[in-house]
Undergrad: 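Sharing a structure, written as structure tokens. Questions coming.
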Amino acid sequence: MQPLYRFLISLAFVSFVFAHTSRAQVVRVTNGQSLSALIASATAGTVFMVEAGNYGDLTITKRVAIIGPGYFLGSSQQATTGSAVFGTITFKAGSENSLLMSCAVNYDINITASQVTVSRCFAGNIHIGYGYDSGVGSYYVTTNNVTVKQCLVQNAIYALSTSSVNQTGFLIKNNIVSYQINCYDNFSGEIRNNTTIYNSASSSYGINVISPTPTSFVVIKNNVTNTISSYSTLNMVAAYNVLYADQTGLPASNQVNIPYASIFVGNSAASYDGQYVLSASSPAKGAGEGGVD
């Protein structure tokens, strides 16, 4: 994709996130600059177009959009050959309505502010409602309407809460996740169109609902995954999912005990993420709600 075209698409997406910003400032960030310092001196609503480079850890306490060049780059067909790489990124109070897009985060993305969107990123883990500070240790914060979509996650996505902290209205959609997507305690939201790729029949890795409270509720639809734990009509809708494991007790719209190798094109694909495209004869073809893949 040409740089200008990619920039215009990204900027159009930002306009939806920053719908109430009459004029957003756009700042281009190059390798060697301190993004933390640039954010600290910027006005709320600034859009940062971040070029390839290493930018370390980042804590965000202001409404911003951070857009990198993507990941898995390096093809001779691409103008950009590197990613905007971070260690850990944490969204804290004040960063509500922020956007993180097309960046590579080697460790964790921690979201402890509401209405944050993380899109098209590479990450180790993504935590909704959880953060860590060296001075105070782990902490949990209620969030509303957090969106995580189109990301590649090396380990897991978590919606973390406690008896007094809620995660409400989250949307986890169209992600490829190596191990699991977990919801804990007090939560409500949707988990749609994701693929978890760990396929051991003896493992609980997959989509897990853990210790839900009586008011917790999640919609789990159109996913390809190993298992869906703790199914209960009181706490979830689980429909139109394709499971590797031979799990019993799920509604009839779900397919279970589907061989992993029959679902995707596999290692013959030209790229790492490309191997998770559905094969021509995949059981997941047309198996989603309304007959979608």
Side-chain angles (χ1 to χ4, degrees), residues 88-93 95-96 100 105 107-118 121 123-133 136-149 151 153-198 200 203-239 241 243 245 247 249-250 254:
T88 293
I89 294 180
T90 301
F91 292 90
K92 300 184 76 170
S95 66
E96 290 78 9
L100 178 68
V105 183
Y107 300 107
D108 297 339
I109 300 174
N110 300 320
I111 305 169
T112 61
S114 294
Q115 295 179 291
V116 170
T117 296
V118 176
C121 287
N125 295 287
I126 299 178
H127 300 115
I128 300 172
Y130 168 86
Y132 179 85
D133 281 337
V136 298
S138 300
Y139 61 93
Y140 299 86
V141 176
T142 292
T143 69
N144 303 301
N145 303 322
V146 168
T147 297
V148 177
K149 64 180 183 177
C151 294
V153 183
Q154 283 186 304
N155 295 304
I157 300 174
Y158 301 93
L160 293 161
S161 57
T162 66
S163 59
S164 59
V165 171
N166 305 318
Q167 310 309 330
T168 63
F170 60 77
L171 176 61
I172 300 172
K173 182 179 181 180
N174 286 103
N175 303 284
I176 298 174
V177 183
S178 292
Y179 293 107
Q180 55 195 335
I181 301 172
N182 290 350
C183 305
Y184 291 81
D185 296 324
N186 288 324
F187 56 82
S188 65
E190 297 186 30
I191 302 173
R192 292 180 177 266
N193 301 89
N194 302 280
T195 296
T196 68
I197 61 180
Y198 193 89
S200 170
S203 172
S204 62
Y205 285 136
I207 299 173
N208 300 311
V209 176
I210 300 168
S211 302
T213 65
T215 58
S216 297
F217 195 79
V218 63
V219 174
I220 303 172
K221 287 186 176 181
N222 292 13
N223 302 281
V224 179
T225 188
N226 189 46
T227 61
I228 299 174
S229 74
S230 304
Y231 173 72
S232 166
T233 56
L234 296 176
N235 298 114
M236 71 175 78
V237 170
N241 302 286
L243 281 69
Q247 183 171 341
L250 293 174
N254 299 280

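Given the structure is predicted, the values throughout are model-derived calculations rather than measurements. Counting from 1, the numbers follow the sequence of the chain as shown.
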Undergrad: Rounded to the nearest 0.5 Å, what separation is found between the OG1 atom of Thr215 and the CG atom of Leu234?
TA: 11.5 Å
Undergrad: For Ser95 and Ala113, work out which heavy atoms get closest and say how close.
TA: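 Residues Ser95 and Ala113, closest heavy atoms: OG-CB, 3.4 Å.
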Undergrad: For the pair Val237 and Lys221, evaluate side chain to side chain contact (heavy atoms under 4.5 Å, CB included) and give the outcome as yes or no after the intermediate values.
TA: CA-CA 8 Å; Val237 170; Lys221 287 186 176 181; 3.9 Å; yes
Undergrad: Spell out, as yes or no, whether a donor-acceptor pair under 3.5 Å connects the side chain of Thr227 to the backbone of Ser229.
TA: no
Undergrad: Could you check whether any side-chain N or O of Glu96 sits under 3.5 Å from a backbone N or O of Gln115, counting only pairs where one atom can act as donor and the other as acceptor?
TA: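 Side chain of Glu96 to backbone of Gln115: no pair is present.
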Undergrad: Checking Asp133 against Lys92 for the side chain to side chain contact (heavy atoms under 4.5 Å, CB included) test, could you report, in this order, the C-alpha distance in whole Å, the side-chain angles of both residues, the deciding distance, and whether it holds?
TA: CA-CA 11 Å; Asp133 281 337; Lys92 300 184 76 170; 3.1 Å; yes
Undergrad: Do Ile191 and Cys183 touch side chain to side chain, with heavy atoms closer than 4.5 Å?
TA: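 Yes - at least one pair of side-chain heavy atoms lies under 4.5 Å apart.
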Undergrad: Can you tell me if Thr213 and Asn186 form a side-chain donor-acceptor pair at under 3.5 Å?
TA: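 Indeed, the side chains of Thr213 and Asn186 share at least one donor-acceptor pair under 3.5 Å.
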Undergrad: For Val148 and Ile111, what are the C-alpha separation, side-chain angles and deciding distance, and is it a side chain to side chain contact (heavy atoms under 4.5 Å, CB included)?
TA: CA-CA 10 Å; Val148 177; Ile111 305 169; 4.3 Å; yes
Undergrad: Hey, does the side chain of Asn241 reach the backbone of Asn223 with a donor-acceptor pair shorter than 3.5 angstrom?
TA: yes
Undergrad: Counting only heavy atoms not in Tyr179, do more than 12 fall under 6.0 Å of its OH?
TA: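 Open.
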Undergrad: Between Thr143 and Gly129, is there a donor-acceptor pair closer than 3.5 Å when you use the side chain of the first and the backbone of the second?
TA: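 Judged by distance alone, no pair lies under 3.5 Å.
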Undergrad: Side chains of Phe187 and Val209: closer than 4.5 Å at any heavy-atom pair?
TA: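 A side-chain contact exists here, since the closest heavy-atom pair is under 4.5 Å.
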Undergrad: Could you check if a side-chain atom of Lys173 sits within less than 4.5 angstrom of a side-chain atom of Thr147, using non-hydrogen atoms only?
TA: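 Counting from C-beta outward, Lys173 and Thr147 never come under 4.5 Å.
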Undergrad: Determine whether the side chains of Thr168 and Asn144 contain a donor N or O and an acceptor N or O closer than 3.5 Å.
TA: yes
Undergrad: Using 0.5 Å steps for rounding, measure from the CG atom of Asn125 to the CD atom of Gln180.
TA: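 Asn125 atom CG to Gln180 atom CD measures 9.0 Å (nearest 0.5 Å).
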Undergrad: Calculate, to the nearest 0.5 Å, the distance between atoms OH and OG1 belonging to Tyr130 and Thr90 respectively.
TA: 9.5 Å
Undergrad: I need the Thr162 OG1 to Gln167 CD distance, nearest 0.5 Å.
TA: 8.5 Å
Undergrad: Would you check, one step at a time, whether the test side chain to side chain contact (heavy atoms under 4.5 Å, CB included) holds for Ile172 with Ile128?
TA: CA-CA 10 Å; Ile172 300 172; Ile128 300 172; 4.2 Å; yes
Undergrad: Measure the spacing between OH of Tyr231 and CG of Leu250 and express it to the nearest 0.5 Å.
TA: 7.0 Å
Undergrad: Tyr139 and Tyr132: which non-hydrogen atoms are nearest, and at how many Å?
TA: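 Scanning both residues, the minimum pair turns out to be CE2-N, 3.4 Å.
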Undergrad: Write down the atom of Ala159, the atom of Phe170, and the distance for their closest heavy-atom approach.
TA: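 Looking at all heavy atoms of both residues, the closest pair is CB-CE2, 3.9 Å.
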Undergrad: So, applying side-chain contact (heavy atoms from CB on, under 4.5 Å) with Thr225, which one of Thr196, Ile197, Val177, Thr195 is it?
TA: Thr196
Undergrad: Would you say Tyr107 has more than 12 foreign heavy atoms packed within less than 6.0 Å of its OH?
TA: no
Undergrad: Would you indicate whether the side-chain heavy atoms of Phe91 and Ile109 approach each other to under 4.5 Å?
TA: yes
Undergrad: Do the side chains of Ile228 and Gln247 get nearer than 4.5 Å, heavy atoms only?
TA: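 In contact.
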Undergrad: Any heavy-atom pair between the side chains of Ile181 and Asn175 that's under 4.5 Å?
TA: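 Not touching, per the 4.5 Å side-chain cut-off.
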Undergrad: Under the 3.5 angstrom rule, does the side chain of Ser161 hit a backbone N or O of Tyr184 as a donor-acceptor pair?
TA: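 Yes, the answer is positive, given that a donor and an acceptor are paired below the 3.5 Å cut-off.
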Undergrad: Any side-chain heavy atom of His127 within less than 4.5 Å of one from Asp108?
TA: yes
Undergrad: Looking just at side-chain N and O atoms, do Asn193 and Asn174 make a donor-acceptor pair shorter than 3.5 Å?
TA: no
Undergrad: Does the Asn254 side chain pair with the main chain of Leu243, one donor and one acceptor, at a distance under 3.5 Å?
TA: no
